[in-house]
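Report on one structure; see the data block that follows.
Note that the numbering runs from 1 along the sequence shown for the chain.
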Amino acid sequence: MTETTLPLIRNDSPATYKRLIGICGVAAGLALGIGTALNRPVIAVVLYAVGLTAAAVIPYGAAGPLFDERDDAIHRRASGTTLALFGWLSALVYPSLVVLSGTELFSWGPASAAIAWTTVAVYGTYAVALGYFRHTAG
C-alpha cells in the first residue's frame with residue numbers, strides 16, 4: 001500500500017513547519033476578514049483563534065528548532081522597517097489633520113480621532129520601550 005501525502009506536509013523540514021505556520025496565520029486573518037464582512041463576528045473570531053492557536057502550537061511538533069539567529073535578524077529588520085514607515089507616515093498625517101481641522105475642509109470624526117489616538121499610543125509606547133531598553137542596557 002502506498003501512502004500519499006500532501007505536498008505541503010511531505011517532509012519534516014523546518015521549511016515545511018514554517019510554511020504551515022504562515023498558512024495558518026493567513027487563513028486566520030482571512031477568516032477574520034471574511035467573517036466580519038459577512039456579518040458573522042463570532043464565527044470569524046473563533047476561526048481566527050483556531051488559526052492562530054494552530055500557528056502557535058505547530059513549532060512544538062517539530063523535531064528541532066525552527067528559527068535561528070538569521071530568522072531573528074530578518075524579523076528585526078522587517079519590524080524596524082514597518083515601524084519606521086508607519087511612524088513617519090503618522091508623523092506626517094497627524095499634523096496634516098491638525099492643520100486641516102483649522103479649515104472648513106475637515107472636521108474630526110471617529111476615524112480621524114482613531115488615527116490621532118493611535119499616533120499617541122504608538123509614539124508613547126515607543127518612548128516607554130526606548131527608555132526601558134536604554135535603562136536596562138547600561
Q | Atom of Ala49, atom of Thr53 and distance for their closest heavy-atom approach | A | O-OG1, 2.6 Å
Q. Atom CG of Leu130 and atom CZ of Phe133: how far apart are they, to the nearest 0.5 Å?
A. 9.5 Å
Q) At their closest point, which heavy atom of Ala54 faces which heavy atom of Cys24, and how far apart are they? A) CB-SG, 3.8 Å
Q: Kindly work out whether a path of hydrophobic side-chain contacts (I/L/V/M/F/W/Y, heavy atoms less than 4.5 Å apart) joins Val50 to Ile21.
A: no
Q) Can you tell me how far CG of Leu20 sits from CG of Leu66, rounded to the nearest 0.5 angstrom? A) 10.0 Å
**Q.** From Thr81 atom OG1 to Arg77 atom CZ, the distance as rounded to the nearest 0.5 Å
**A.** 6.5 Å
Q. Is there a path of hydrophobic side-chain contacts, each under 4.5 Å between heavy atoms of I, L, V, M, F, W or Y residues, that connects Phe106 with Val93?
A. yes
Q: Given side-chain contact (heavy atoms from CB on, under 4.5 Å), test Asp71 with Asp68 step by step and report yes or no.
A: CA-CA 5 Å; Asp71 293 309; Asp68 58 14; 3.1 Å; yes
Could you list the donor-acceptor pairs under 3.5 angstrom formed by side chains in residues 31-45, with sequence neighbours left out?
| unit_1 | atom_1 | unit_2 | atom_2 | d |
| --- | --- | --- | --- | --- |
| Thr36 | OG1 | Leu32 | O | 2.6 |

(Q) If we ignore hydrogens and angles and just use 3.5 Å, is the side chain of Ser79 paired with the main-chain N or O of Arg76 as donor and acceptor? (A) no
Q | Check: Leu100 main-chain N/O paired with Thr103 side-chain donor or acceptor under 3.5 Å | A | yes
Q) Ser90: what forms a side-chain contact (heavy atoms from CB on, under 4.5 Å) with it, not counting sequence neighbours? A) Thr119, Tyr123
Q. In terms of hydrophobic clusters joined by side-chain contacts under 4.5 Å, are Leu52 and Leu47 together?
A. no
Q) What distance do Tyr60 atom OH and Tyr17 atom OH have between them, rounded to the nearest 0.5 Å? A) 14.5 Å
Q: Give, for atom CZ of Phe67 and atom CG of Asp72, the distance between the pair rounded to the nearest 0.5 Å.
A: 9.0 Å
Q | Under 3.5 Å donor-acceptor, Ser112 side chain and Trp108 backbone | A | no
Q.
Taking the side chain as everything from C-beta on, heavy atoms only, tell me whether Phe86 gets closer than 4.5 Å to Val122.
A. no
